[in-house]
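Note sheet for the following structure.
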Number of protein chains: 2
Amino acid sequence: MTDRTPGTRSSSGYSAWRLIAEELRAEIGDGRLRAGDRLPTEAALAERFSVNRHTARQATATLAEDGLVESRRGSGTYVTGEAMRLHRIGVRTRLTKSLGEKASASGNLRVLNSAVEDAPTDIARRLALDGGKAVRIETTRSAGGQQISMSTHWFDVSRLPDIATVLRRTGSVTSALRESGVDDYVRTSTVVGARHATASEVAVLDLGQGAIVLVTEGLDSLTDGTPLQHVVTRFAAQRVRLDIEHPRAD
Amino acid sequence: MTDRTPGTRSSSGYSAWRLIAEELRAEIGDGRLRAGDRLPTEAALAERFSVNRHTARQATATLAEDGLVESRRGSGTYVTGEAMRLHRIGVRTRLTKSLGEKASASGNLRVLNSAVEDAPTDIARRLALDGGKAVRIETTRSAGGQQISMSTHWFDVSRLPDIATVLRRTGSVTSALRESGVDDYVRTSTVVGARHATASEVAVLDLGQGAIVLVTEGLDSLTDGTPLQHVVTRFAAQRVRLDIEHPRAD
DNA sequence: TCAAGTTGTCTACTTATCTAGACAACCAAA
DNA sequence: TTTGGTTGTCTAGATAAGTAGACAACTTGA
């Protein structure tokens, strides 16, 4: 990108301004550009990425739409702030506590829909399902007026037949499980990946097309090892980072 | 995307075929399409995404270039496989156990360059630097002929003045630290995010423009809590998932 | 063997993106 | 106030991306 020779138009499926915008977003995200800093001028960006000034402008305009930078005529374009949320992932993921740095009240769970159906074979195996039937629940989580994540939960229907109803009422997985007779459970496995958001994720999470989602796939179990919940969560990567809890050194 | 009305061209900076390609990649990644499955026909994809067949073709062609699918004239386009690597993140990330073995399961580490310089203030604070000087080392990790990740390591130069030289020779952080008198250390903090790859990451990790990187930011410490290493790693998200180690339930 | 269905390739055309240059509006510091 | 530097806006033209239709090459199952 930086040294893309004019003829070597890469045809990557990304417009030039989008690539520039994401490059700048990365610099803001990892601290090379901090809140209050002035971006390079439009002319400098155009020079650096070997594009016309209009193309560079479109890049900063997109970042401005996202509220990441602010352009001031006659002066320059400035970084407004990062505003990244931290989501804790640990043994006991008390969700209602982990969202938002300041308060415990943040993080609103909403049940979109639920159904009892045959689980995909790999999920059925992970949950050690007998009959193969499972409760699938789709939820979203928001905080501070922003969509944070969306999840697909799978429970054994023979073990937790009413979990969807209870979850809809309580708005918390931990509470719903407690009401269903599960006093304690732990996260036994988590795998994290990242990919582009699908069309439905773009819609539900209120993202731009082509945005990125962090995908976590987790298994919660009773303390004796009995599998309880298989849950896949997609976080809006531009708003959330995952804070991994490590066990105490001893 | 799926129901994009013709006039509502979103102008997202992503070409239509790129959005389709990433949508399909997501379906392959999360198991909705499995190895051996046949993709919808080009005509069906064109219909579903409201584009011309040629545009849909370009999407599958890109996936074929990545080795994710294979097109067979007269028959269809088939998913070849996922081939996702798992990278473990835990308390003690013993990458290479014995000195004699050249390559461990987690791949081959190569030192790109290193320098002694002033650390950024936030890193200096995390490492509790006295003079502010730190050793910065850039490394890459490959496995099976593929680039897996690239990292930026920061060490306190007063504590580990020769770490770069030793790391260059041993090819393992654990070994290099052991030779430097550090017998044991633990991961005390890890934060995971995701964003588009920068131009240099695209080059080093051998990715396509606009690819996604998983970014981990970790702090390793002695068992008494003394900070040792601040390390930022960027994984090629299309090749790697992070497997989070959870402490035993007891 | 045949017919239906699928991918591969070609040409022509339309639409969107990027380039190029100019100038206005505005800011900040001399 | 003046000057140089910056963002905002306009017009026109060049290049890339997407549409449209046709047909060849090949596979599969009847």
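- Residue pairs that meet the salt bridge (charged side-chain N to carboxylate O under 4.0 Å, His left out) test with at least one member in residues 66-81 of chain A, sequence neighbours left out, are Arg25(A)-Asp66(A), Glu70(A)-Arg72(A).
- Atom CD in Glu42(A) sits about 15 Å away from atom C1' in dA20(C), given to the nearest Å.
- Between Trp17(B) and dA17(D), a side-chain N or O to OP1/OP2 separation shorter than 4.0 Å is absent.
- Straight-line distance from the CG atom of Leu19(B) to the C1' atom of dA17(D): 13 Å, rounded to whole Å.
- The interatomic distance linking Tyr14(A) (OH) with dA17(D) (P) rounds to 14 Å, in whole Å.
- Within residues 66-76 of chain B, the residues that have a heavy atom under 4.0 Å from DNA chain D are, in order of number, Arg73(B), Gly74(B), Ser75(B).
- Separating the CZ atom of Arg18(B) from the C1' atom of dT17(C) is a distance of 17 Å, rounded to the nearest angstrom.
- Arg38(A) comes within 4.0 angstrom of sugar-phosphate atoms only, judged by non-hydrogen atoms across all strands, and of no base.
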Test log, rule side-chain hydrogen bond (donor to acceptor under 3.5 Å, both in side chains), inputs Arg38(B) and Ser75(B):
CA-CA 9 Å; Arg38(B) 199 182 76 168; Ser75(B) 174; 5.6 Å; no
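- Glu22(B) pairs in a side-chain hydrogen bond (donor to acceptor under 3.5 Å, both in side chains) with only one of the listed residues (Arg195(A), His196(A), Gln209(A)), which is His196(A).
- For the pair Tyr78(A) OH and dC26(C) C1', the interatomic distance rounds to 12 Å; values are reported in whole Å.
- The pair Arg32(A)-Asp30(A) meets the salt-bridge criterion, with a side-chain N (NZ, NE, NH1 or NH2) lying under 4.0 Å from an Asp/Glu carboxylate O.
- Thr77(A) comes within contact range of the sugar-phosphate backbone alone, with a heavy-atom separation under 4.0 Å but no base atom that close.
- With rounding to the nearest 0.5 angstrom, the CD1 atom of Ile212(B) is 12.0 Å from the CD atom of Glu201(B).
- Taking a 6.0 Å sphere around CG of Asp37(B), one finds it holds more than 12 heavy atoms contributed by other residues, nucleotides or ligands.
- Across dA17(D), dT9(C), dT19(D), the shortest atom-to-atom separation from the side chain of Val51(B) is found for dT19(D).
- Residue Asn52(B) contributes atom CG, which lies 12 Å from atom C1' of dT14(C) at whole-angstrom precision.
- Using a 4.0 Å cut-off between a side-chain N of Lys or Arg and a carboxylate O of Asp or Glu, Glu138(A) and Arg168(A) do not qualify as a salt bridge.
- One can place CG of Leu45(A) at 13 Å from P of dT19(C), the figure rounded to the nearest angstrom.
- With hydrogens and angles left out, the side chain of His54(A) and the base of dG21(C) share a donor-acceptor pair within 3.5 Å.
- Between dA22(D), dC23(C), dT19(C), one nucleotide has an atom nearer to the side chain of Arg53(B) than all others, and that is dA22(D).
- Between Glu47(B) atom CD and dA20(D) atom P there is a gap of 12 Å when expressed in whole angstrom units.
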